[in-house]
Each structure stands twice: as C-alpha cells, then as structure tokens.
2 protein chains.
Amino acid sequence: MKKNEINSIEIARIAGVSRSTVSRVINNYPNVPQATRDKVMQVIEQYKYSPNFSARIMSGMKTRTIGLFLISPEEVFHDSLTNSLITGFIESASNQGYYVLTHIIRNTRDSEVLRKVKETFYQQRIDGGVFIGAANHEPLIEELIAEGYVVGIIDQHIEGRNEPNRVICNFGNDQGMKQGVDYLASLNHRRIGFIAGDPLRCSGPEKLEGFKAAMRSHGLAVNPEWIIPADFSEKSGYNSVKQWLSHVKELPTAIFACNDSVAFGALAALQEAGLCVPGDISLMGFDDHLLSSRIQPALTSIHVDFAEMVDTLASRLIKTIEEPDKEFKKYVGTTELVIRESCRAI
Amino acid sequence: MKKNEINSIEIARIAGVSRSTVSRVINNYPNVPQATRDKVMQVIEQYKYSPNFSARIMSGMKTRTIGLFLISPEEVFHDSLTNSLITGFIESASNQGYYVLTHIIRNTRDSEVLRKVKETFYQQRIDGGVFIGAANHEPLIEELIAEGYVVGIIDQHIEGRNEPNRVICNFGNDQGMKQGVDYLASLNHRRIGFIAGDPLRCSGPEKLEGFKAAMRSHGLAVNPEWIIPADFSEKSGYNSVKQWLSHVKELPTAIFACNDSVAFGALAALQEAGLCVPGDISLMGFDDHLLSSRIQPALTSIHVDFAEMVDTLASRLIKTIEEPDKEFKKYVGTTELVIRESCRAI
DNA sequence: CTGAAAGCGCTTACAG
DNA sequence: CTGAAAGCGCTTACAG
C-alpha cells in the first residue's frame with residue numbers, strides 16, 4: 001500500500017547520470033553544471049523523489065531534529081506553564097526548520113528510561129537535546145555533555161562547567177527576588193516569609209539565597225520559622241502552607257512564594273484558614289503565570305518572559321549544532337515586578 | 001568525541017556468535033537457547049550496546065514514533081487549550097513507549113511545507129501521524145490516508161470515508177449545542193444569537209447546524225442577523241462581535257459562542273460597548289476552557305474532556321499501527337453543561 | 001565534472 | 001539451533 005518506491009538509482013537511470021550525481025544535486029554541491037543539475041531536478045520533481053531519511057543518517061548526515069525531554073513525575077496536562085514551555089520550544093524550532101522529538105520522563109531513577117533517553121542520542125535520532133525540569137546535577141545530563149552531545153538546559157548552574165556544548169537558560173533569580181523584597185519593604189513590610197522551591201533544582205536554592213540577600217540589604221531579619229519548604233507545584237504550596245499554619249506561632253505580614261503556582265496553592269490554604277489576602281497577609285508570586293492576572297485577588301508577581309527564553313534556547317541550540325564553536329553560552333532572562341492586588345501597604 | 005563505536009559485529013565477536021544471533025537475542029526471537037541468550041545479553045549489557053536506530057529502520061522495523069502536526073497560522077504559545085492538547089498527546093504516547101515528533105504548520109498552502117510533512121511519512125521517520133487544526137477536507141490528509149498511512153485526526157467528518165487507517169476523534173457537537181440551547185430556553189430566552197466557528201473546520205458547520213436544530217426543537221426562530229461569522233480564536237470573537245454590534249438593529253437576549261476562546265473575545269467586545277453580561281445579555285461558551293471558571297463573570301459552558309480525547313486518540317492510533325485491522329474507528333466525546341454566572345433567567 | 005565502489009549497521013530469508 | 005550473505009538507500013572519498 002504505501003509506496004515511495006523510487007530511489008536514487010532509479011532517478012539516476014532516468015536522468016541518465018549516476019547516483020553520485022543525483023546525490024550531489026540533492027545536497028547542492030557546487031561541482032555540478034547547471035544543465036546537469038536542471039535535468040536531474042526535473043526528474044526528481046516529476047517522480048516526487050525524496051531521499052530516504054534513515055539512509056542519509058547512516059551515511060553521517062544530520063537529522064535536523066532536537067530531542068525535548070520533560071522531567072515530571074506528575075501529569076502535566078493541566079499545567080499551563082509547562083505546556084507553553086513545550087509548545088513554545090517546538091514553535092521556535094519549527095520556525096527554524098527543525099523537528100522536535102518529545103518525550104516525558106516520569107522518573108529519572110528508572111534506569112530503563114534513562115537508557116532509552118541516552119539511546120536517542122547515541123543512535124543519532126537527534127542532533128541535540130533539551131531538558132526541562134531536571135535536578136541541577138542530573139547525572140544523565142552531565143554524562144551526555146561529557147560525551148560531547150549538544151544539550152540545552154533550562155534552570156541549571158554548576159560552578160565552573162562551561163563547556164561549549166552546554167547551552168544554559170536561566171532567569172535572574174537574584175534580581176527578581178530583590179525586586180520583590182524591595183517592593184514589599186516599600187510597603188513597610190518587615191516580617192516577610194518565603195515559600196522555598198525544590199532544593200534539588202537550581203532555582204530552588206538560588207531564589208532562597210536571593211531572598212536572604214535582599215532581606216539583608218534592607219536590614220531585615222530572616223525568621224527561619226517563616227521559611228516554608230515546598231517544591232514548585234501548586235499542590236505543594238497548598239499542603240506546605242496548610243501544615244505551616246497549623247504550628248506557626250506568629251504570622252509574618254507578607255509571604256513571598258517561589259513561583260505563582262505555589263502562590264495559588266498558598267492562597268487557597270490561607271483563605272481556607274480564614275485569612276484574607278491582602279487584608280490579613282500580603283502574598284507575592286514569581287513567574288507571572290497566565291492565571292495570575294485572573295485570580296482573586298490578582299497576584300502581584302515577578303514577570304519573566306518564557307516565550308523569549310525558549311526561543312533563545314532553540315536558536316542557540318541550533319546554532320551550536322550547526323556551527324560548533326568554543327564559546328560557552330548562557331542566557332539569563334530579565335525579571336520585572338508586576339504590581340496587582342495581592343500585596344498591601346501596612 | 002561522541003562514541004557509540006560498538007556494533008553488532010563486535011558484540012558477536014566478543015560473545016563468540018554471529019551477528020544473526022545477536023540480532024535474534026535483541027529482538028527476542030524464540031529460537032535461541034537460554035544459554036546462548038544469556039551469554040549474548042551479558043556482553044550487550046557490559047558494553048552498553050544498543051542497535052543503531054537508522055539501520056534498524058533501513059531493514060524494515062518500526063520507528064515507534066508518531067508525528068504530531070499542528071496546523072496554526074498564528075503563534076500558539078499563549079493558547080493554553082492547544083498547548084494542553086499537544087502536551088496531553090505527547091504524555092499519552094510517552095506512557096505507551098512512543099516518541100512524538102512534533103511540527104507546527106503555519107500554512108497548508110505552502111507546498112514546500114506540505115512536501116516536508118509528506119516526506120516525514122514517506123521516509124519512515126514515523127509510524128503514523130496526527131493532525132490538529134486541519135480543515136475538514138484537507139487534501140494532504142486525504143492523500144496520506146489514500147496511500148495507506150495511519151492518520152489520526154481531531155475534528156473531522158467526511159461522509160462515507162471509513163478506512164481502517166483513518167482514526168477520528170470528535171466531540172458530540174449536536175448534543176452539546178442542544179444542551180446549551182435547552183438551558184438558555186429554560187431561562188426563557190427566545191432570542192438567541194450564535195457566533196459561528198471556522199466554516200472550513202468540521203466542527204464549524206456542525207455546531208451551526210446543531211444550533212439551528214436545537215432552536216427548531218424549541219420552536220424558536222433563528223434570526224440570520226444574529227448568526228455572527230468568526231473562526232475559533234479569541235481575536236476573531238472580539239472583532240466579529242465588535243463589528244456586529246456596530247450595525248445590528250436589535251440585540252438578542254443571549255449569545256451562544258462556538259467555543260470559549262471566542263466567548264472571551266465576545267465578552268470583551270460586549271463590555272467595551274457598555275453591555276453587561278449577564279445583566280444586559282447572556283453569554284454561553286463551548287469547551288469549558290481552563291480560564292472559563294476564572295474570568296468575570298465565570299463563563300457558563302459545555303464541558304468536553306480533551307484529556308480523555310487525546311488519550312483515546314493516542315491509544316487507538318498506536319493500536320492501529322501495531323495491529324492493523326479492518327475496522328474503522330471513531331471516537332465521539334460526550335458533552336456536559338456547566339452552569340456558571342454568564343447566563344441569567346429573563 | 002563524473003562514475004564505480006566502499007561504507008554506514010542493522011534484519012531476515014536461506015541453507016544447513 | 002546457527003551462520004554466511006543479501007539487502008535496505010543513501011553519501012563521499014577516490015580515481016579519472
């Protein structure tokens with residue numbers, strides 16, 4: 001039933017040349033006279049011939065395909081931020097003529113899965129890969145980079161690892177935390193809590209340190225009781241704050257959440273406990289999630305540009321694949337305070 | 001730098017067997033004694049050997065990869081519904097051990113792009129493909145199906161086309177429109193307008209016909225002046241309603257939008273014109289978009305289960321790829337009325 | 001400028 | 001149960 005029976009031998013025969021010449025035409029080699037080129041092209045057009053993909057790869061050509069690996073233990077269908085990260089990346093790559101091979105990794109401890117991911121690189125199914133949601137020191141990623149593959153990573157920083165095939169995209173967490181704390185301080189808050197993100201991810205500790213530094217710069221004390229451990233999910237925001245409320249002795253006047261999803265969860269927990277935001281306690285997020293302007297109260301947050309980030313990531317990755325150089329590339333996205341309704345002056 | 005130098009010849013040599021036997025072990029053929037199998041497996045494990053992907057395809061094996069083609073003339077990064085469709089599909093496929101090769105098609109009239117999509121099938125980069133956002137009669141899709149490829153399509157219905165390699169997933173548009181009109185009628189609305197979707201897409205005319213049929217069943221007249229043409233985007237909802245308001249003589253008491261995105265746009269246009277929803281006019285959507293419960297007023301809508309749909313689509317497509325049969329498969333998702341605040345009794 | 005031939009790394013009849 | 005060999009369809013030195 002399916003038939004793409006025509007191959008380069010047939011094309012060569014019909015055009016009255018050799019396969020070598022057909023190949024030269026296909027690949028736009030310069031050493032083919034225009035007349036020959038035209039003759040061959042015409043046959044190619046006529047028979048709608050296109051060279052077999054696998055055969056080309058077997059002879060060492062590039063795949064023009066990028067692997068996109070999303071690490072997420074949980075279902076991701078309803079997480080609009082992750083979704084737009086994925087789609088945004090595919091969109092950028094598509095615009096540059098690349099296909100994206102996406103796979104979701106549930107568990108980075110499952111050696112079978114790890115094996116399959118590495119095979120994707122080994123078998124030349126992809127020219128390079130991108131990881132989203134990985135721990136900062138994920139061994140899988142470090143191995144791939146050590147082996148010379150081009151790897152893009154969102155949210156990673158490892159001191160002194162500056163290989164040219166390591167393409168990093170982060171946001172300015174220090175800057176963002178400072179903008180948030182500056183704003184809260186300007187509203188006269190001095191007792192500020194922080195919901196911390198996943199300590200294994202780069203931005204978890206980075207945001208926590210940024211928070212502490214920003215507090216110090218205002219001469220404000222960081223109360224360890226008000227550092228609430230969580231990860232980056234809405235659910236963890238809810239659970240952590242709920243549990244924290246059950247034992248905390250004295251409340252801060254404001255809480256800074258490591259991201260907006262966590263803030264949504266925190267908001268639900270606070271409201272459930274009968275606390276009004278921002279009446280009783282101010283709440284600030286980070287990311288400027290799609291929903292943040294829609295919820296009640298609209299969430300004050302730190303805006304970051306995910307669309308630009310994934311676009312930059314795709315472009316740099318492709319550039320590194322096509323023209324490898326010796327230069328290490330690292331993108332740090334800017335952050336911007338967006339004032340809405342969830343924080344009030346006291 | 002990159003090295004996966006070991007191949008089946010080496011493995012065979014080290015294990016003291018032939019490549020044929022190595023291949024038999026890899027592919028789990030029954031005619032290999034356990035002792036031989038163990039011996040070979042041990043060498044494979046030891047050298048972390050994995051057979052070259054392209055070479056396997058060249059010898060006729062499956063790719064375990066599905067193509068996902070999203071047709072969208074516009075940027076899709078901020079469209080959370082499309083995003084979750086894509087991610088949901090990838091998620092389902094991943095769970096079944098398949099990779100998804102995604103590409104975004106900006107323009108189905110660009111023959112260069114069309115060519116590349118078809119090549120993806122011809123070159124056996126994928127075992128089957130899925131199209132989202134296609135016109136009901138998209139020739140590209142019909143050609144691929146005619147050539148025997150397994151193709152999944154969201155939102156298509158062509159009378160009499162029941163090939164077993166055509167995997168269709170729709171929602172019950174008739175049923176949904178009826179539920180919506182029934183509800184509006186129960187609120188005593190008799191003058192109901194409709195914002196129609198893209199006429200080239202299957203669900204565009206289907207919803208319009210469903211609307212008319214439902215109106216008839218209540219003995220209500222359909223005023224042609226209140227049928228507002230649009231496509232399925234928020235922007236078109238806004239523009240169409242804005243323009244419509246500028247010339248419509250008399251307003252209906254309720255408007256049914258072909259989907260929630262369009263309803264969001266319509267809502268903005270109505271509010272801009274000083275009309276209050278639902279005070280002055282009731283508004284009803286379709287899809288139960290992630291945002292519908294969050295906006296002001298929360299949008300009454302027809303709920304459909306996209307997550308289940310893409311999951312079903314992935315499963316059926318994979319089943320059709322792996323065990324082709326003679327049976328035509330068509331999924332029709334159920335619809336359910338979700339009452340919120342945007343419609344009032346009159 | 002161009003062709004014959006090697007090489008890429010598998011799988012699978014075929015023969016034993 | 002197992003191996004030698006053909007075949008998949010390209011690209012690219014190599015030689016002319």
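In what follows, chains carry the letters A, B, and so on, assigned in the order in which the sequence lines appear, proteins first and then strands, with residues in each chain numbered from 1.
Atoms CG and CD1, from A:Leu70 and A:Ile86 in turn, are 4.5 Å apart once rounded to the nearest 0.5 Å.
In this pair, B:Phe69 and B:Phe131 present their aromatic rings parallel. The plane angle is below 30°, not in the 30 to 60° band.
Contacts of B:Ser54 with the nucleic acid, taken as non-hydrogen atoms under 4.0 Å apart, are absent. Using a 4.0 Å heavy-atom cutoff across all strands shown, B:Asn52 reaches sugar-phosphate atoms only and no base atom.
For C:dC10, one of the phosphate oxygens OP1 or OP2 lies less than 4.0 angstrom from a side-chain nitrogen or oxygen of B:Tyr49.
A salt bridge is absent between B:Arg125 and B:Glu119; no separation between the charged side-chain nitrogens and carboxylate oxygens falls under 4.0 Å. Between B:Lys62 and B:Glu322 there is no salt bridge, since no side-chain nitrogen of the basic residue lies less than 4.0 Å from a carboxylate oxygen of the acidic one.
As a whole-Å value, the separation of A:Ile11 CD1 from D:dT11 P is 12 Å. Atom pair A:Met58:CE and C:dT11:P shows a separation of 11 Å (rounding to whole Å applied). Atom-to-atom, CD1 of B:Ile9 to P of C:dC10 comes out at 8 Å; the value is rounded to the nearest Å. The interatomic distance linking B:Phe53 (CZ) with C:dC10 (P) rounds to 13 Å, in whole Å. Taking atom CG of residue A:Asn28 and atom P of nucleotide D:dC10, one finds them 17 Å apart after rounding to whole Å. The separation between A:Arg13 atom CZ and D:dG9 atom P is 15 Å, rounded to whole Å. Rounded to a whole Å, the CD1 atom of A:Ile57 is 19 Å from the P atom of D:dC8. As a whole-Å value, the separation of A:Arg56 CZ from D:dT11 C1' is 9 Å.
Sequence order on DNA chain C of the closest nucleotides to B:Pro51 and A:Val17 puts A:Val17 first from the 5' end.
Applying the side-chain contact (heavy atoms from CB on, under 4.5 Å) test between B:Ile153 and each of B:Ile145, B:Ile132, B:Ile158 identifies B:Ile145 as the sole match.
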Requested in this report: Please assess A:Arg106 against B:Glu91 for the test salt bridge (charged side-chain N to carboxylate O under 4.0 Å, His left out), listing each intermediate value before the final yes or no.
Outcome: CA-CA 10 Å; A:Arg106 291 271 167 247; B:Glu91 192 150 33; 2.6 Å; yes

**Report entry** salt bridge (charged side-chain N to carboxylate O under 4.0 Å, His left out) between A:Arg115 and A:Glu112, worked out
**Finding:** CA-CA 5 Å; A:Arg115 173 87 180 272; A:Glu112 179 63 24; 5.5 Å; no

Report task. Kindly indicate, with the supporting measurements, whether the criterion side chain to side chain donor-acceptor pair (under 3.5 Å) is fulfilled by B:Tyr47 and B:Glu10. Result -> CA-CA 10 Å; B:Tyr47 288 85; B:Glu10 276 299 288; over 6 Å; no

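Taking the P atom of each, D:dA5 and D:dC1 are spaced 24 Å apart, rounded to whole Å.
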Requested in this report: Return one dot-bracket line describing DNA chain D 5' to 3' (Watson-Crick or G-U wobble pairs, both distances under 3.5 Å; ( ) same strand, [ ] crossing, | another strand, . none).
Outcome: |||.||||||||.|||

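Taking only side-chain atoms of B:Asn7, from C-beta outward, the nucleotide of D:dT2, C:dC10, C:dT2 with the closest atom is C:dC10. Of the candidate nucleotides D:dT2, C:dG3, D:dC10, D:dC10 has the atom nearest to the side chain of A:Ser8.
Looking only at side-chain heavy atoms (C-beta outward), B:Thr21 and B:Ser18 come within less than 4.5 Å of each other.
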Between the protein and nucleotides 12-16 of chain C, which nitrogen or oxygen pairs are less than 3.5 angstrom apart?
| from | atom 1 | to | atom 2 | distance (Å) |
| --- | --- | --- | --- | --- |
| C:dT12 | OP2 | B:Tyr29 | OH | 2.2 |
| C:dT12 | O4 | B:Ser20 | OG | 3.4 |

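Geometrically, B:Arg166 does not engage B:Phe328 in a cation-pi contact defined by less than 6.0 Å to the ring centre and at most 45° from the axis.
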